[in-house]
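What follows is one structure encoded as structure tokens, with my remarks underneath.
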Amino acid sequence: AAKYGKEITDTILNIDTMPHSEGKSVDISIWDTKNNKEIYMPKPNGFSLMEVLISITLITITLIGITSARVLAVREASHSYLYFAAIKQQEMLAAALHQTPYQEWQTVYQLFNQQLKQILPNGRLTVTQEDSGLKRIIINWGQSETSDCKQHLIGRSGCVSYLLAE
């Protein structure tokens with residue numbers, strides 16, 4: 001049973017009279033007829049559906065951001081590895097050429113070119129003669145071209161250039 005309104009607090013709500021249909025405000029509460037007192041509903045504990053949906057949305061956006069940052073970090077680490085490997089190969093080649101007689105340089109170039117193909121994706125060694133008479137060692141990987149190597153390029157495709165003093 002339920003009671004309503006201040007004026008008729010002693011009357012049990014009769015659905016037939018329908019006071020709400022006359023535009024009257026109706027306060028409804030659960031009434032214990034046995035003990036003749038109002039039963040209070042406990043305050044709801046927990047979260048509303050809207051709070052849960054907003055939380056899930058925020059967590060999802062955060063996780064997407066973290067995942068994309070990790071993917072970018074892995075990609076950049078891979079590019080750094082390729083660049084570092086090319087620099088190390090270039091240093092090793094320069095050291096080998098300094099210890100090798102000039103007549104045997106072509107053999108050293110061929111050995112390093114084979115090694116580059118194993119270490120770098122589509123790795124290539126090019127040696128060019130500068131106008132000054134110095135040799136330029138260029139290591140390319142990926143889709144980069146020798147003519148593009150005016151400066152070091154880092155990425156899936158890249159190059160490093162080194163001027164070799166004889």
Give every donor-acceptor pair under 3.5 Å between a side-chain atom in residues 52-60 and any protein atom, sequence neighbours left out.
{"from": "Ser55", "atom 1": "OG", "to": "Glu51", "atom 2": "O", "distance (Å)": "2.9"}
{"from": "Thr57", "atom 1": "OG1", "to": "Leu53", "atom 2": "O", "distance (Å)": "2.8"}
{"from": "Thr60", "atom 1": "OG1", "to": "Ile56", "atom 2": "O", "distance (Å)": "2.7"}

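Cluster membership check: Tyr102 shares its hydrophobic cluster with Leu93, using side-chain heavy-atom separations under 4.5 Å among Ile, Leu, Val, Met, Phe, Trp and Tyr. Residues Phe84 and Ile138 are members of separate hydrophobic clusters, defined by side-chain heavy-atom contacts under 4.5 angstrom among Ile, Leu, Val, Met, Phe, Trp and Tyr. Under the 4.5 Å side-chain heavy-atom criterion for grouping Ile, Leu, Val, Met, Phe, Trp and Tyr, Leu111 is not connected to Leu120 through any hydrophobic cluster. The same ILVMFWY cluster, assembled from side-chain heavy atoms under 4.5 Å apart, contains both Ile139 and Ile87. Using a 4.5 Å cut-off between side-chain heavy atoms of Ile, Leu, Val, Met, Phe, Trp and Tyr, with links allowed through other members, Tyr81 and Trp141 fall into the same hydrophobic cluster.
Judged as a salt bridge (charged side-chain N to carboxylate O under 4.0 Å, His left out), and not counting sequence neighbours, the contacts of Arg136 are Glu130. For Asp131, the side chain to side chain donor-acceptor pair (under 3.5 Å) test picks out no residue, with sequence neighbours left out.
The two residues Lys135 and Gln129 have their closest heavy-atom pair at NZ-OE1, 2.8 Å. The minimum heavy-atom distance linking Asn113 with Gly123 is given by the pair OD1-O, 4.2 Å.
Applying the salt bridge (charged side-chain N to carboxylate O under 4.0 Å, His left out) rule to pairs touching residues 79-103 yields Lys88-Glu91, sequence neighbours excluded. Residue pairs meeting the salt bridge (charged side-chain N to carboxylate O under 4.0 Å, His left out) criterion with at least one member in residues 99-117, sequence neighbours excluded, do not occur.
A side-chain donor-acceptor contact under 3.5 Å links Thr100 to the backbone of Ala96. Using a distance-only test at 3.5 Å, with no hydrogens or angles considered, a donor-acceptor pair links the side chain of Gln90 to the main chain of Ile137.
Note that the CD1 atom of Ile39 and the CG atom of Asp32 stand 4.5 Å from one another [nearest 0.5 Å]. Distance SG/Cys159 to CG/Leu82: 12.5 Å, rounded to 0.5 Å. Distance CG/Leu116 to CD/Gln114: 10.5 Å, rounded to 0.5 Å.
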Would you sort out whether Gln89 and Ile119 count as a side chain to side chain contact (heavy atoms under 4.5 Å, CB included), showing the intermediate values?
-> CA-CA 9 Å; Gln89 288 299 308; Ile119 294 174; 3.3 Å; yes

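Proximity of Leu97 to Tyr109: side-chain heavy atoms (C-beta onward) are separated by under 4.5 Å at one or more points.
Residue Ile61 belongs to no hydrophobic cluster, having no ILVMFWY side-chain heavy atom closer than 4.5 Å to its own.
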